[in-house]
Enquirer: 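Below are the structure tokens for one structure; questions will follow.
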Amino acid sequence: MKKGYFGQWGGAFIPEVLHQTFAELNAAYEAARADASFWQEYVDLMANYSGRPTPLTFAENLSNQLGGARIYIKREDLNHTGAHKANNVMGQGLLVRRMGKKRVIAETGAGQHGVATATMAARFGFACTIYMGEEDVARQRPNVFWMEKLGATVIPVKDGSRTLKDAINEAFRDWVASMDTTHYVLGTACGPHPFPEMVAWFQSIIGQEARRQIIEQRGAMPDRVYACVGGGSNAMGIFQGFLDQSGVELVGVEAGGKGLDTGKHASRMLSDRAAAGVAQGYKTKFLQDSDGQMLDTHSISAGLDYVGISPILADLGEKGRVRFEAATDDEVLAALQLTMKTEGIIPALESSHAFAQAIKEAPTMSREQAIIINMSGRGDKDIFTIAHAFNDPSWKEFIIGRAEEYRTK
Ligand SMILES: *Cc1c(COP(=O)(O)O)cnc(C)c1O
């Protein structure tokens, strides 16, 4: 198999001027991968800075209420900055330090990857520039505020639809002009080789821990593992712990939005509007129209509405090793409410997609079976969206009251 390809997917479609930079990055990544002390340094950093290993929590109440499989939750929400994104950015931070570069750039959509990258840059003492669509800058002010306070420069991108894909293009433009000093911290297991493989490698710490923990707690492998799929990094992270176990079914859950038949979703693996394409430096299934124009996506969760998908997952899906499902916005909100009330745990809207599918399937399984849900992040960040969706009147009053205060003082 050609390097950087997973079946027919992947590759590195990059401009000539970046060839040298990618050669350097590939060399640094491969050297790090071959060096056991690098992984140990990474594990130590994540232990001391991000609270790893994250727990595997047996959700006893939720399991009893559903009356089927025993449900375990892998708690990536307990990472520093509240999600699995820390695993990737801190790993790349160590690599940047090894390469002797002093500046990092990143794209961000909802702002979660931007905040994680700005956090990493502050910790390592790197200069940091974050590209973000102008539309997203307006919608995600709290994250923009934190990025700036953490010392990053946030550049609103005014091109195109002024969202994530435009931010990615602008970040690549910056990189072409700054590659001697700068590393591009890509946020998920997508993009040109080596990013999909490298990001999946850093995230594999989730699966390594989960495999050890479920054996310790249960004495056996789980029957199924669920993860939500945006770009695919948290899913690849946990799936890698179980890929060699053919008895463990792997389930990837995409954003079903308002329903697959409405066009308002982000399902690349189940929708007939997804087709092979080359964009943003790699080949995968993109949601596109018959002219190859990228479609607008929709999800209640900001982190799952991406037009492409990890080439590694596109391949695993095609081979039947990963089963893909989609959860709708309404199913996601119901799963979130049930998890909060039964377990006292608030999953991110993204993670709630994995919960929604698991909650659908657990009752059809036996008490002797077990499943793991990868909880990619915590839901605190989603308070604006969740309170709005639940139409909470006192929340509305609170926001209006705050606005009044600003107007009058
Ligand atoms: C960004 C994000 C995702 C989606 O990204 P993947 O690369 O698919 O993991 C999922 N959950 C949370 C909490 C996120 O912040």
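Each ligand, and each atom within it, is numbered from 1 in the order the structure gives. One-based numbering along the sequence shown.
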Enquirer: Could an N or O of ligand 1 be found under 3.5 Å from any N or O of Gly231, whether backbone or side chain?
Expert: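 Among all N and O atoms of Gly231, at least one is under 3.5 Å from an N or O of ligand 1.
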Enquirer: Are any of the N or O atoms of Ser351 closer than 3.5 Å to those of ligand 1?
Expert: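 No, no N or O pair falls under 3.5 Å.
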Enquirer: With heavy atoms of Gly230 as the reference, note each atom of ligand 1 found under 4.0 Å away.
Expert: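 What qualifies from ligand 1 is 8 (O).
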Enquirer: According to ring-ring contact (aromatic ring centres under 6.0 Å, His included), does anything in residues 44-93 pair up with another residue at least two apart or in another chain? List the pairs.
Expert: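 Every pair satisfying ring-ring contact (aromatic ring centres under 6.0 Å, His included) with a residue in residues 44-93: Tyr49-His80, Phe58-Tyr72.
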Enquirer: Taking atom CZ as the centre, does Arg273 end up with more than 12 heavy-atom neighbours from other residues, nucleotides or ligands that are less than 6.0 angstrom away?
Expert: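 No - once you tally the heavy atoms of other residues, nucleotides and ligands closer than 6.0 Å, there are 12 at most.
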Enquirer: Given that the side chain starts at C-beta and the backbone is N, CA, C, O, which of these parts of His113 lies under 4.0 Å from ligand 1, counting heavy atoms, or is it both or neither?
Expert: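 It is neither part, as no heavy atom is under 4.0 Å.
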Enquirer: Between the side chains of Glu361 and Arg323, is the shortest nitrogen-to-carboxylate-oxygen separation below 4.0 Å, so that they form an ion pair?
Expert: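 Here Arg323 pairs with Glu361 in a salt bridge, since their nearest N and O are under 4.0 Å apart.
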Enquirer: When you check the gap from the basic side-chain N to the acidic O, do Arg139 and Glu134 get nearer than 4.0 Å?
Expert: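 Glu134 and Arg139: not salt-bridged.
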Enquirer: So for ligand 1, is Lys381 a polar contact partner (N or O within less than 3.5 Å, distance only)?
Expert: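 No: no nitrogen or oxygen of Lys381 is under 3.5 Å from one in ligand 1.
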Enquirer: Report the C-alpha separation of Tyr282 and Trp9 in whole Å, then their side-chain angles, then the decisive distance to 0.1 Å, and conclude whether the ring-ring contact (aromatic ring centres under 6.0 Å, His included) test is met.
Expert: CA-CA 8 Å; Tyr282 71 117; Trp9 313 106; 9.8 Å; no
Enquirer: Can you list the ligand 1 atoms lying under 4.0 Å from a non-hydrogen atom of Cys228?
Expert: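 Answer for ligand 1: 10 (C).
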Enquirer: Applying side-chain contact (heavy atoms from CB on, under 4.5 Å) between Tyr306 and each of Leu164, Val229, Leu287, report the one that passes.
Expert: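 Exactly one pass, corresponding to Leu164.
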Enquirer: So is Met236 touching ligand 1 or not, going by heavy atoms under 4.0 Å?
Expert: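 Contact check Met236 vs ligand 1: negative.
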Enquirer: Starting from atom 15 (O) of ligand 1, find the nearest protein heavy-atom neighbour and note its residue, name and distance.
Expert: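 Its nearest protein heavy-atom neighbour is Lys85 NZ, 2.6 Å.
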Enquirer: Which ligand 1 atoms are under 4.0 Å away from a heavy-atom of Asn234?
Expert: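 So the answer, numbered in order with elements, is 6 (P), 8 (O), 9 (O), 10 (C).
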Enquirer: Applying the ring pair (Phe, Tyr, Trp, His ring centres under 6.0 Å) criterion to Phe22, which one of Trp175, Tyr184, Tyr29 satisfies it?
Expert: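 One option only clears the test, and that one is Trp175.
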Enquirer: Report, in ascending order of atom number, the atoms of ligand 1 lying under 4.0 Å from any heavy atom of Gly232.
Expert: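 Near Gly232, meaning under 4.0 Å from one of its heavy atoms, ligand 1 has 6 (P), 7 (O), 8 (O).
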Enquirer: Do you know which of Asn234, Val199, Thr117 makes side-chain contact (heavy atoms from CB on, under 4.5 Å) with Asn88?
Expert: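 When side-chain contact (heavy atoms from CB on, under 4.5 Å) is applied between Asn88 and each of Asn234, Val199, Thr117, only Val199 qualifies.
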Enquirer: Please list the nearest protein heavy atom to atom 7 (O) of ligand 1 with its residue and the distance rounded to 0.1 Å.
Expert: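 For atom 7 (O) of ligand 1, the nearest protein heavy atom is Thr188 OG1, 2.5 Å.
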Enquirer: Of all the non-hydrogen atoms in the protein, which one sits nearest to atom 4 (C) of ligand 1, and at what distance?
Expert: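 Nearest neighbour among protein heavy atoms for atom 4 (C) of ligand 1, to 0.1 Å: Gly303 O, 3.4 Å.
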Enquirer: Closer than 4.0 Å to some heavy atom of Gly377 - which atoms of ligand 1 meet that?
Expert: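 Taking each heavy atom of Gly377 in turn, ligand 1 has 13 (C) under 4.0 Å.
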Enquirer: Parallel, tilted or perpendicular: which describes the rings of Phe13 and Tyr5, with under 30° parallel and over 60° perpendicular?
Expert: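 Ring orientation of Phe13 relative to Tyr5: perpendicular.
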Enquirer: In the protein, what heavy atom is nearest to atom 12 (C) of ligand 1, and what distance, to one decimal place, separates them?
Expert: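 For this ligand atom, the closest protein heavy atom is Ser376 OG, 3.5 Å.
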